[in-house]
Structures are given as structure tokens and as C-alpha cells.
Undergrad: 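Encoded as C-alpha cells, here's the structure I'll be asking about.
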Amino acid sequence: MTNALLSQRQTALAGATDRVAAKRHPWRIVFGLLAAAVVVWGALNLWLNPALDHGTILKYLTAESILTGVKNTIVLAVIAMVIGTVGGYLVAVMRLSHNPVLRAIGFGYVALIRSIPLLVLILFMGNLALFWSRVDIVNPFNHAEVWAGWDMNDLVTPFIASILALAINEAAYMGEVIRSGLRSVDQGQREAATALGLGSRHTMSKVILPQAMRVILPPAGSQFVTMIKMTSLVSVIAGGDLLTEAQNIAATNLRTLELLVIASAWYLLVTGIATIGQSILEHRLERGQRRVSI
Amino acid sequence: MAPTTLLDISEVHKFYASHHVLKGVSLQVPEGTVACLLGPSGSGKSTLLRCINHLESIDAGRITMDGTTLAYEERNGQMHQRPRTTVDRQRQDIGMVFQHFNLFPHYTVLQNITLAPSLLKKTSKAKATVRALELLEKVGLADKRNAYPSSLSGGQQQRVAIARALAMEPKVMLFDEPTSALDPELVGEVLKVMKDLAAGGMTMIVVTHEMSFAREVADSVVVMDAGIIIESGTPAEIFDNPQQERTRDFLRHVR
């Protein structure tokens with residue numbers, strides 16, 4: 001309580017009888033100090049652990065390959081998020097469609113992808129060449145003349161495979177986020193737009209989607225923060241991300257612990273920035289809801 | 001010369017699953033007149049209104065405006081739904097005002113009114129804005145043009161909704177219980193705008209429970225019950241000398 005508020009109270013209650021004393025919380029101090037001590041002790045123990053070589057951490061923290069890994073992780077997360085969002089929109093529209101076949105496909109996609117662990121999906125994509133060793137565009141009339149062809153391993157590099165796996169996974173989750181956003185818009189909005197003669201395209205783009213955004217953006221933001229961390233899984237197929245690069249260095253100098261600390265520090269920074277961005281976005285949206293007349 | 005029929009509803013049937021909500025409803029609305037639809041809730045009056053601009057499909061019958069069949073066309077002796085784009089174009093000539101206003105909360109009052117004209121009628125944004133300001137003047141809300149709907153009272157929102165519908169220059173205005181969601185002290189300002197509109201020669205179909213409005217403004221009063229029109233006539237005929245027992249019963253309950 002501020003001093004001003006306190007003195008205002010004192011003045012107002014000057015003549016009152018049976019004043020109630022402030023409640024005291026002696027145990028709060030005891031437990032607070034105890035908990036803080038445990039945390040400080042734990043942190044010091046980790047940081048001052050003799051197994052940890054601080055010189056190595058400082059040496060590799062901004063190494064060129066680590067920075068490339070950070071860049072790749074960000075690029076991976078952004079591209080997979082964009083493709084995943086577009087895919088998620090399609091999934092959401094399918095799930096809300098009047099066409100029972102499209103609805104079933106949308107439902108099946110979400111159910112299937114959400115039950116396959118992302119790590120398994122990444123391994124599948126990394127091994128696409130086992131399904132199809134080549135991609136050839138063949139003359140459809142004689143099936144002999146090959147117009148163009150690629151070796152699958154050249155076409156789907158580990159980096160491309162990583163994007164595919166993350167995007168396919170993201171589309172299922174974003175599909176649910178977007179679907180609930182679209183459903184949150186009052187049915188009367190669609191009716192009013194329809195009655196004005198706005199076609200289905202304008203009704204969606206000018207009336208439904210802008211309102212659905214308020215519901216979609218906050219969970220989409222946290223999906224993106226999660227995505228940044230999930231990119232680390234692509235290190236199993238050497239996707240070129242931050243963790244891949246850190247492990248490459250660790251494989252040569254055997255400083256596993258130090259490089260994990262370096263990777264964690266960068267993840268902390270990148271997700272921290274994304275989280276700040278997300279909360280700014282949410283504040284903006286809240287402010288939009290409290291707009292008053294000018 | 002008698003005014004020509006603008007809207008001709010002929011033998012319209014409508015089912016919700018097994019529930020027969022409209023059982024062969026016919027109604028003519030001459031140009032420049034006001035028809036008020038009365039009746040107990042569930043009698044089908046709102047459904048009939050929503051069938052006119054095809055917010056609801058129909059199962060038999062036809063609705064024509066200016067001689068053109070709305071939403072359906074006849075082929076090989078059967079009625080077939082027109083393409084969505086055609087239906088949307090026909091809807092542009094039919095204004096609708098809803099019980100719960102349904103203004104677009106993410107747009108300002110002005111944007112609510114200019115959205116459809118600037119998207120659909122291909123008029124310039126400037127022209128649409130000039131027209132919108134005229135309409136806001138007409139409904140008495142020119143000073144609220146930059147406000148968002150959430151900052152307006154129910155009565156103000158409904159007046160904006162009327163201006164929004166008028167901005168498309170419709171041939172007919174449909175009102176679906178426009179004052180039912182309003183606090184009693186706000187009903188008057190909305191009814192006044194509607195009276196002005198009627199006096200200006202707008203063709204209107206109004207589903208309402210405001211008996212005094214129906215008596216004062218309507219050219220014809222139509223009483224529905226259980227999916228059929230049980231009685232229609234001038235306000236004097238219906239209110240002062242109802243022929244049907246069910247009409248008398250209904251009027252006794254609303255008074």
C-alpha cells in the first residue's frame with residue numbers, strides 16, 4: 001500500500017473505534033528465505049560445478065557455426081510456422097465444411113498427426129528416400145520419356161525434411177486453433193454480412209477472420225514459441241539447427257555439457273524475445289477491445 | 001392508380017427437419033407500403049422474413065421481387081437454387097435489420113456503413129463516405145461516425161444498423177423484431193427512424209411486437225399463427241374489428 005493511501009486511511013479513520021490491526025505473516029519471511037536459499041544454492045552448484053569449463057562456454061558461445069545454427073533455427077521455425085498456419089487454415093475450413101468427405105479428411109488429418117510423435121514424423125521425412133528414391137516427371141503417354149528427375153536425397157535435404165515435418169505437425173495444431181477462432185465469431189455476424197450481399201469470400205476476409213484473429217493470435221503466439229523449441233528435434237536428422245551445430249562441435253571436443261549450456265542460452269534468448277513479442281501483441285488486442293468513442 | 005406489387009410471396013412452404021414451419025404462406029407487398037407481421041412466437045413470422053433474402057431455404061413456393069424470382073429459378077417444372085453469386089446480387093437490393101443489431105464490432109460506425117457499398121457497388125470510398133454521413137445525419141448519429149459499436153447504446157447501434165442496410169440503396173427493408181432487444185426507454189428512437197423511413201416511401205416488412213407502431217405506421221397488418229396467415233387487413237380492421245378468434249386471443253395477450 002502506498003504511503004499516500006495509508007495516510008488517507010489514517011485521516012478517514014481518525015475518529016473510528018475498535019480499529020483492526022494489520023494481520024501479521026511471520027512465516028512468510030521464514031519460508032521465503034528458505035526457498036530463496038535453495039534456489040541460490042542450486043544455481044551456484046550448477047554453475048560452479050567443476051565438470052563445467054567456463055572457458056569453453058565463452059569460446060564457443062558466439063562461434064560462427066553456432067550463430068549459423070541460431071539463424072537456421074529461426075528460419076526453420078518461421079517457415080514451418082507460415083506453412084503450418086496456411087495448412088492449418090485449410091484444415092480448419094475443411095473441418096467446418098458442409099461437405100462430409102472434406103470434414104472427415106480434416107478430422108482424420110488432425111487425429112493422425114496429433115497421435116504421431118513429432119520425432120517420429122521427423123525421422124519419416126528424413127528417410128523419404130526409402131519410400132521413393134527418385135522423383136521423376138514422366139511423359140504420361142508413353143511412360144518412358146523422362147522430362148525431369150531428381151534424386152530424393154538432393155530434392156529433400158535434411159533442412160527441407162525438417163521444414164516439412166515441422167509444418168505438417170504445426171498444421172494439425174494450428175488447424176484446431178484457427179477452427180476454434182472461426183467458431184468463436186457470433187453466427188449473427190455471418191448473417192449480417194450475407195444479408196448485405198457480401199459474398200462468401202468478403203464475408204470471410206472482412207468480417208469473420210478479423211474477429212477470429214482476436215481468439216487465434218494468443219494461442220498462435222505460444223504455438224510459435226513452442227515451435228522454436230521443437231526445432232531442436234530435427235538434430236536427429238542433422239537438420240542444421242542450433243542443436244545440430246552444438247552437437248557437431250561437442251562431437252569433436254567432447255565438451256557436451258558446455259555446448260548444451262550454449263544452446264540453452266540461445267534458446268532462452270530467442271524464445272524470450274518471441275514471448276515478449278507475443279505479450280505485446282496480446283496487450284494490443286486487449287486495447288482494441290476497450291476502444292471508446294472519439 | 002394502385003401501387004404495383006413489389007414483393008410477391010406465393011404459397012411458401014418451409015420445413016425444419018420434420019417441423020412444418022411455413023404452411024403455404026402468400027403475401028403481396030405493394031411498393032412504398034409497410035406490412036407488419038404479428039403473431040405469437042414460433043408462428044413463423046421471422047422465418048418468413050429470413051426466407052425472403054434466402055437466409056433460410058424454402059421447400060416449395062416462390063418469392064418474387066419486381067417480377068424476378070428470388071434465390072430460385074424454374075427449370076423443367078422444378079425450382080432450383082440459383083448460384084450463390086446471383087443470390088448475393090439479389091440480396092443487395094434487400095436490406096435487413098436484426099433483433100441483435102449484428103454490427104461489425106471491429107469497424108467504426110462509418111466503416112460499418114461503407115463496407116458493403118465500397119466492396120460491392122464499386123463506388124469510390126469517398127462517395128460511399130459522403131452517402132454514409134448523409135444516412136448518419138438521417139438517423140441522428142452524425143457525431144458518432146468514428147465510434148465503435150461497443151461504445152454505443154442499443155438504440156444507437158440499431159439506428160446504425162438501419163443506416164448500414166440503407167447504404168446499399170435497397171428496394172425493400174426487412175425488420176426482424178428490431179426493438180425486442182432494447183431497453184424500453186430506447187425503443188422510441190428506433191421506431192422514430194423507422195417511421196421517417198416509411199414516410200419517405202420505403203417498402204418495409206416489419207416483424208414486431210410494438211402494436212402502437214403497427215397501428216400507426218402499417219398499411220397492412222398480417223397476423224400469423226402456426227405457420228399460416230390467419231388474418232390480414234388494414235390496422236383498423238385487425239385491431240378494432242378482428243374476425244378470427246385466434247387474432248382476438250393474440251391481441252388480448254399482447255395488450
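Predicted model, so just to flag it, every value in this text is computed and none were measured. To find a chain, count down the sequence lines: A is the first, B the second, and so on, and within it residues start at 1.
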Undergrad: Measure the shortest side-chain to side-chain distance between A:Lys206 and B:Tyr107 over non-hydrogen atoms and say whether it is less than 4.5 angstrom.
TA: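 When only atoms from C-beta onward are counted, B:Tyr107 and A:Lys206 do touch, with a gap below 4.5 Å.
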
Undergrad: For residues A:Ala192 and B:Phe104, report the shortest heavy-atom separation together with the two atoms involved.
TA: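 Closest approach of A:Ala192 to B:Phe104, heavy atoms only: CB-CE2, 4.1 Å.
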
Undergrad: For residues 69-89 of chain A, which residue pairs qualify under salt bridge (charged side-chain N to carboxylate O under 4.0 Å, His left out), counting only residues two or more places apart or in two chains?
TA: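 Counting only pairs at least two positions apart or across chains, no salt bridge (charged side-chain N to carboxylate O under 4.0 Å, His left out) contact touches residues 69-89 of chain A.
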
Undergrad: Can you tell me which portion of B:Ile94 sits under 4.5 Å from chain A's heavy atoms? Options are side chain, backbone, both or neither.
TA: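 The answer is the backbone of B:Ile94.
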
Undergrad: Does any part of the side chain of B:Leu119, heavy atoms only, come nearer than 4.5 Å to the side chain of A:Leu196, both counted from C-beta?
TA: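 Side chain of A:Leu196 against side chain of B:Leu119, heavy atoms only: no contact under 4.5 Å found.
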
Undergrad: Assess whether atom NZ of B:Lys195 is packed by more than 12 heavy atoms of other residues, nucleotides or ligands within 6.0 Å.
TA: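 More than 12 within 6.0 Å, yes.
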
Undergrad: To the nearest 0.5 Å, tell me how far A:Gln187 CD sits from B:Asn102 CG.
TA: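 Rounded to the nearest 0.5 Å, the CD-CG separation comes to 9.5 Å.
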
Undergrad: Would you find more than 12 non-hydrogen atoms of other residues, nucleotides or ligands less than 6.0 Å from B:Glu169 atom CD?
TA: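 For B:Glu169, atom CD is crowded (more than 12 foreign heavy atoms under 6.0 Å).
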
Undergrad: Is any side-chain heavy atom of A:Asp186 less than 4.5 Å from a side-chain heavy atom of B:His100?
TA: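 No, side chains not in contact.
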
Undergrad: Should B:Arg50 and A:Glu191 count as side-chain neighbours, where that means a heavy-atom distance under 4.5 Å?
TA: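 In contact.
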
Undergrad: Does atom CZ (A:Arg190) have a neighbourhood of more than 12 heavy atoms from anything else shown, all under 6.0 Å?
TA: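 Open: at most 12 neighbouring heavy atoms sit under 6.0 Å from CZ of A:Arg190.
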
Undergrad: Please say whether more than 12 non-hydrogen atoms of neighbouring residues, nucleotides or ligands are located less than 6.0 Å from CZ in B:Arg84.
TA: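 Enclosed: over 12 neighbouring heavy atoms sit under 6.0 Å from CZ of B:Arg84.
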
Undergrad: Looking at A:Ala193, A:Gly197, A:Pro210, A:Gly199, which makes the most heavy-atom pairs under 4.5 Å with chain B?
TA: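 So the answer, after comparing A:Ala193, A:Gly197, A:Pro210, A:Gly199, is A:Gly197.
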
Undergrad: Using 0.5 Å steps for rounding, measure from the NE2 atom of B:His106 to the CG atom of A:Leu209.
TA: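 Rounded to the nearest 0.5 Å, the NE2-CG separation comes out at 9.5 Å.
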
Undergrad: Does atom OH (A:Tyr267) have a neighbourhood of more than 12 heavy atoms from anything else shown, all under 6.0 Å?
TA: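 Counting neighbours around OH of A:Tyr267, more than 12 heavy atoms of other residues, nucleotides or ligands fall under 6.0 Å, so yes.
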
Undergrad: Could you pull out the closest heavy-atom pair between B:Pro105 and A:Gln211, with the gap in Å?
TA: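 Closest approach of B:Pro105 to A:Gln211, heavy atoms only: CG-OE1, 3.2 Å.
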
Undergrad: With distance as the sole test, does A:Gln189 use its side chain to make a donor-acceptor pair with the main-chain N or O of B:Leu103 at under 3.5 Å?
TA: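 Side chain of A:Gln189 to backbone of B:Leu103: a pair is present.
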
Undergrad: Between B:Asn53 (side chain only) and A:Ala195 (backbone N and O only), is there a donor and an acceptor less than 3.5 Å apart?
TA: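 Side chain of B:Asn53 to backbone of A:Ala195: no pair is present.
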
Undergrad: Should we say atom OH of B:Tyr16 is surrounded by more than 12 heavy atoms from elsewhere, each under 6.0 Å from it?
TA: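 Yes.
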
Undergrad: Please check this pair: side chain of A:His202 against backbone of B:Ala116, looking for a donor-acceptor N/O pair closer than 3.5 Å.
TA: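 The answer is no, because no donor-acceptor pair under 3.5 Å joins these two groups.
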
Undergrad: Near B:Arg145 CZ, under 6.0 Å, is it more than 12 heavy atoms from other residues, nucleotides or ligands?
TA: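 No, not enclosed.
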
